[in-house]
Colleague: 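Please find one structure pasted underneath; my questions will follow.
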Number of protein chains: 2
Amino acid sequence: MSDQHQHTLHALKVSCSNCSLRELCLPIGLNRDEMTQLDAVIRQSRRLKRGEYLFRSGEAFKSLFAVRTGFFKTSVASQDGREQVTGFLMSGELMGLDGISSNVHGCDAIALEDSEVCELPFNRMESLGRDIPSLQHHFFRLMSREIVRDQNVMLLLGNMKAEERLAAFLLNLSQRLSTRGFAANDFILRMSREEIGSFLGLKLETVSRTLSKFQQQGWLSVDHKHIQLIKADALKDLISGCTHANGV
Amino acid sequence: MSDQHQHTLHALKVSCSNCSLRELCLPIGLNRDEMTQLDAVIRQSRRLKRGEYLFRSGEAFKSLFAVRTGFFKTSVASQDGREQVTGFLMSGELMGLDGISSNVHGCDAIALEDSEVCELPFNRMESLGRDIPSLQHHFFRLMSREIVRDQNVMLLLGNMKAEERLAAFLLNLSQRLSTRGFAANDFILRMSREEIGSFLGLKLETVSRTLSKFQQQGWLSVDHKHIQLIKADALKDLISGCTHANGV
DNA sequence: AAAGAAGCTTGACCCTTGTCAAAGCGGAAT
DNA sequence: ATTCCGCTTTGACAAGGGTCAAGCTTCTTT
């Protein structure tokens with residue numbers, strides 16, 4: 001069990017160490033020259049330790065950040081300290097898009113494990129976009145995709161019951177991990193029950209209870225942060241119906 | 001009372017008839033030549049009657065649409081027919097940004113009253129953006145603003161109680177109306193209780209009850225769709241604390 | 001190695017909100 | 001003007017999820 005845990009961790013590190021930004025985050029047809037220009041703009045990657053802030057809400061916005069390796073959460077805080085986790089990000093995903101509108105970061109970004117990011121200075125990306133139309137277009141698509149993702153979260157928070165939310169969450173994680181070459185049915189949660197709850201609009205006790213319920217039904221096994229999906233189809237059945245009408 | 005209703009309706013129509021797209025939706029410094037280019041791209045405005053669809057989820061995406069006059073809702077539907085209203089839009093606001101990522105519209109856009117929109121063919125706006133950097137930048141900002149808005153909705157849906165949600169909703173409407181030159185404390189709701197509920201993640205009965213409660217407390221008066229804010233500060237007190245820490 | 005802190009699970013209870021139902025009202029259509 | 005239908009309000013009741021509390025495990029720190 002603990003071996004399994006180690007194994008998965010290890011696999012993640014190894015596989016991510018050779019994932020390039022260009023492949024995952026900017027998968028667009030660029031010629032050799034354009035590649036060179038892009039490389040010149042993307043700053044050396046930065047490493048963060050678990051728990052470290054990449055940026056904080058209120059800080060000046062200068063750059064977007066792409067996850068190279070590791071795992072992040074983004075969250076917004078209310079004045080009285082309530083936290084809403086707005087996303088969990090893995091390799092190839094982009095953080096900081098909300099800062100463009102006001103030149104100030106609108107959320108916190110925190111590494112949930114030792115991680116590495118690429119910095120994309122926004123001004124320079126913007127002007128590069130004018131020279132490379134496909135890059136500009138790709139950026140619009142990335143921002144649009146974030147809007148679509150947010151809409152799906154709204155659907156989840158506004159319409160779904162606790163079991164449905166958790167099922168949707170686990171299947172989403174599973175799908176994204178498998179896209180990156182990891183096992184779809186055997187993974188380690190990088191976040192706490194409380195963080196899952198914050199993301200899903202539930203209390204940590206409800207997350208815990210619902211996971212236990214899934215386990216009792218034989219749909220998955222839970223060993224602390226180690227999740228094994230046993231009957232992913234049962235989870236899919238649970239949320240068929242309450243997901244977006246156009247399988248987006 | 002009914003007079004008041006008519007009056008507000010009238011005011012909205014009149015004031016909107018002389019709001020230009022450039023002023024509200026694209027308030028950027030363009031020179032005369034750039035203005036001309038932009039005008040050439042923005043298609044003649046289109047009129048819609050109450051209840052008419054501007055576009056539907058799944059249709060091919062070609063253009064963004066800016067509200068010139070009137071009022072819209074956007075919503076996503078799940079397979080089993082649950083509806084999540086993702087936004088209510090008034091003059092100067094933009095619809096369709098979620099379609100960029102997949103070239104397919106991801107939500108429905110429906111006029112809640114007789115309305116008028118400008119069509120912005122996205123391809124042409126994109127290439128115009130390459131010629132006019134400030135236009136390109138403005139577009140990035142618009143998309144980012146939408147992401148920020150969505151994050152605030154997540155905060156609302158994930159953390160706030162029914163009373164807080166409704167207070168936040170009313171104050172947001174009030175603020176946006178007053179930005180457009182309308183009375184901040186006396187307005188007509190263009191949407192049904194059910195649509196408000198869908199947006200706020202509540203059932204229509206809860207919306208109705210909560211409005212009644214606010215009225216009993218003397219914070220506002222409700223006459224069907226006619227709302228008068230009497231103690232807006234009381235509503236603000238209710239949500240102080242649960243709004244974004246950086247008054248975004 | 002020990003101790004403390006943090007995170008997780010589980011139970012009991014309660015509150016907010018959803019569900020179901022009935023009745024009132026207003027607007028649209030004839 | 002009348003009728004009908006949709007929207008809204010309100011009540012009674014149910015239930016899902018929140019709250020509080022206790023105990024346990026694991027990880028961190030010294």
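Just so it is clear: chains get the letters A, B, ... in the order the sequence lines come, proteins before strands, and each one is counted from 1. Everything quoted here is computed from the prediction, not taken from an experiment.
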Colleague: With the criterion being N/O to N/O and under 3.5 Å, what pairs connect the protein with nucleotides 28-30 of chain D, and how long is each?
Modeller:
none

Colleague: Can you name the residues that form a side-chain hydrogen bond (donor to acceptor under 3.5 Å, both in side chains) with A:Ser178, not counting sequence neighbours?
Modeller: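 Checked A:Ser178 against side-chain hydrogen bond (donor to acceptor under 3.5 Å, both in side chains); zero matches.
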Colleague: Taking only residues two or more places apart in sequence or in another chain, which ones pass side-chain hydrogen bond (donor to acceptor under 3.5 Å, both in side chains) with A:Asp108?
Modeller: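 Residues passing side-chain hydrogen bond (donor to acceptor under 3.5 Å, both in side chains) with A:Asp108: none at all.
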Colleague: So, the side chain of A:Arg145 versus the backbone of B:Ser101: is there a donor-acceptor pair under 3.5 Å, distance only?
Modeller: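 No, because the side chain of A:Arg145 does not come within donor-acceptor range (under 3.5 Å) of the backbone of B:Ser101.
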Colleague: Atom CD of A:Gln215 and atom P of C:dC8: how far apart are they, to the nearest Å?
Modeller: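 To the nearest whole Å, that distance equals 15 Å.
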Colleague: Does atom CD (B:Glu194) have a neighbourhood of more than 12 heavy atoms from anything else shown, all under 6.0 Å?
Modeller: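 Open.
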Colleague: Do any N or O atoms from the side chain of A:Lys73 and from the backbone of A:Leu112 form a donor-acceptor pair under 3.5 angstrom?
Modeller: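 Flag not set: sc A:Lys73 to bb A:Leu112 has no pair under 3.5 Å.
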Colleague: Any donor and acceptor pair, going by atom type alone, linking the side chain of A:Thr179 with main-chain N or O of A:Leu177 inside 3.5 Å?
Modeller: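 Absent.
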Colleague: Apply ring pair (Phe, Tyr, Trp, His ring centres under 6.0 Å) to A:Phe199 and list each qualifying residue two or more places apart in sequence or on a separate chain.
Modeller: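 Only A:Phe88 meet the ring pair (Phe, Tyr, Trp, His ring centres under 6.0 Å) criterion with A:Phe199.
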Colleague: Any carboxylate oxygen within less than 4.0 angstrom of a Lys/Arg side-chain nitrogen, looking at B:Arg46 and B:Glu119?
Modeller: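 Answer for the salt bridge query: no.
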Colleague: At less than 4.0 Å, is any side-chain N or O atom of B:Arg193 found next to OP1 or OP2 of D:dT9? Yes or no.
Modeller: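 Yes, B:Arg193 has a side-chain N/O under 4.0 Å of OP1/OP2 on D:dT9.
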Colleague: Restricting to ring pair (Phe, Tyr, Trp, His ring centres under 6.0 Å), what partner residues turn up for B:Phe71, sequence neighbours left out?
Modeller: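 With neighbours one apart ignored, the set is empty.
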Colleague: Let's see if you get this right: which residues in residues 196-206 of chain A place a heavy atom under 4.0 Å from DNA chain D?
Modeller: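 Heavy-atom cutoff 4.0 Å gives A:Gly201, A:Leu202, A:Lys203, A:Glu205, A:Thr206.
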Colleague: Would you say a side-chain N or O of B:Lys225 is under 4.0 Å from OP1 or OP2 of D:dC7?
Modeller: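 The answer is no; no side-chain N or O of B:Lys225 sits under 4.0 Å from OP1 or OP2.
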Colleague: Nearest whole angstrom, please: distance from the P of C:dG24 to the CG of B:Asp223.
Modeller: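 These atoms are roughly 19 Å apart.
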Colleague: Return the value, rounded to whole Å, for the distance between atom CG of A:Leu189 and atom C1' of C:dC8.
Modeller: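 Value for this atom pair: 12 Å.
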Colleague: Looking at residues at least two apart in the chain, or sitting in another chain, which of them share a side-chain hydrogen bond (donor to acceptor under 3.5 Å, both in side chains) with A:Gln215?
Modeller: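 side-chain hydrogen bond (donor to acceptor under 3.5 Å, both in side chains) check on A:Gln215 returns nothing, list empty.
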Colleague: What pairs of residues pass the side-chain hydrogen bond (donor to acceptor under 3.5 Å, both in side chains) test when at least one of them lies in residues 197-210 of chain A, not counting sequence neighbours?
Modeller: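 For residues 197-210 of chain A: none.
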Colleague: Calculate the interatomic distance between B:Phe214 atom CZ and D:dT8 atom P; express it in whole Å.
Modeller: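 Going from B:Phe214 (CZ) to D:dT8 (P), I get 17 Å.
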Colleague: In this structure, how many angstroms lie between the C1' atom of C:dG7 and the CD1 atom of A:Ile188, rounded?
Modeller: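 Distance, rounded to whole Å: 16 Å.
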Colleague: I need the residues from residues 156-172 of chain B with at least one non-hydrogen atom less than 4.0 Å from DNA chain D; give them sorted by number, or say none.
Modeller: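 Nothing qualifies; none.
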Colleague: Strictly below 4.0 Å: does A:Ser208 bring a side-chain N or O up to OP1 or OP2 of C:dT10?
Modeller: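 Indeed not, no polar side-chain atom of A:Ser208 lies that close.
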Colleague: Could you give the angle between the helix axes at the two ends of the helix from C:dA1-D:dT30 to C:dT30-D:dA1, with five pairs per end, rounded to 10 degrees?
Modeller: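 Inter-axis angle at the ends, rounded: 60°.
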Colleague: For A:Arg209 and B:His224, find the nucleotide of DNA chain D closest to each by heavy atoms; which residue's nucleotide sits nearer the 5' end?
Modeller: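 Nearest nucleotide further toward 5': that of B:His224.
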Colleague: Separation of A:Met191 atom CE from C:dA6 atom C1', in whole Å?
Modeller: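 Going from A:Met191 (CE) to C:dA6 (C1'), I get 18 Å.
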Colleague: Could you tell me if B:Arg56 sits above the aromatic ring of B:Tyr53, with its cationic atom closer than 6.0 Å to the ring centre and no more than 45 degrees from the axis?
Modeller: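 Yes, B:Arg56 lies over the aromatic ring of B:Tyr53.
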Colleague: When the distance from CG of A:Leu112 to P of C:dG7 is rounded to whole Å, what number comes out?
Modeller: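 These atoms are roughly 12 Å apart.
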Colleague: Restricting to side-chain hydrogen bond (donor to acceptor under 3.5 Å, both in side chains), what partner residues turn up for B:Lys213, sequence neighbours left out?
Modeller: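 B:Lys213 satisfies side-chain hydrogen bond (donor to acceptor under 3.5 Å, both in side chains) with B:Glu163 only.
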Colleague: Just distance, no hydrogens or angles: give the donor-acceptor pairs under 3.5 Å from side chains in residues 234-242 of chain A, sequence neighbours left out.
Modeller:
residue: A:Ser240; atom: OG; partner: A:Asp237; partner atom: O; Å: 3.1

Colleague: Rounded to the Å, how far apart are B:Glu195 CD and D:dG6 C1'?
Modeller: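 In whole Å, D:dG6 C1' and B:Glu195 CD are 13 Å from each other.
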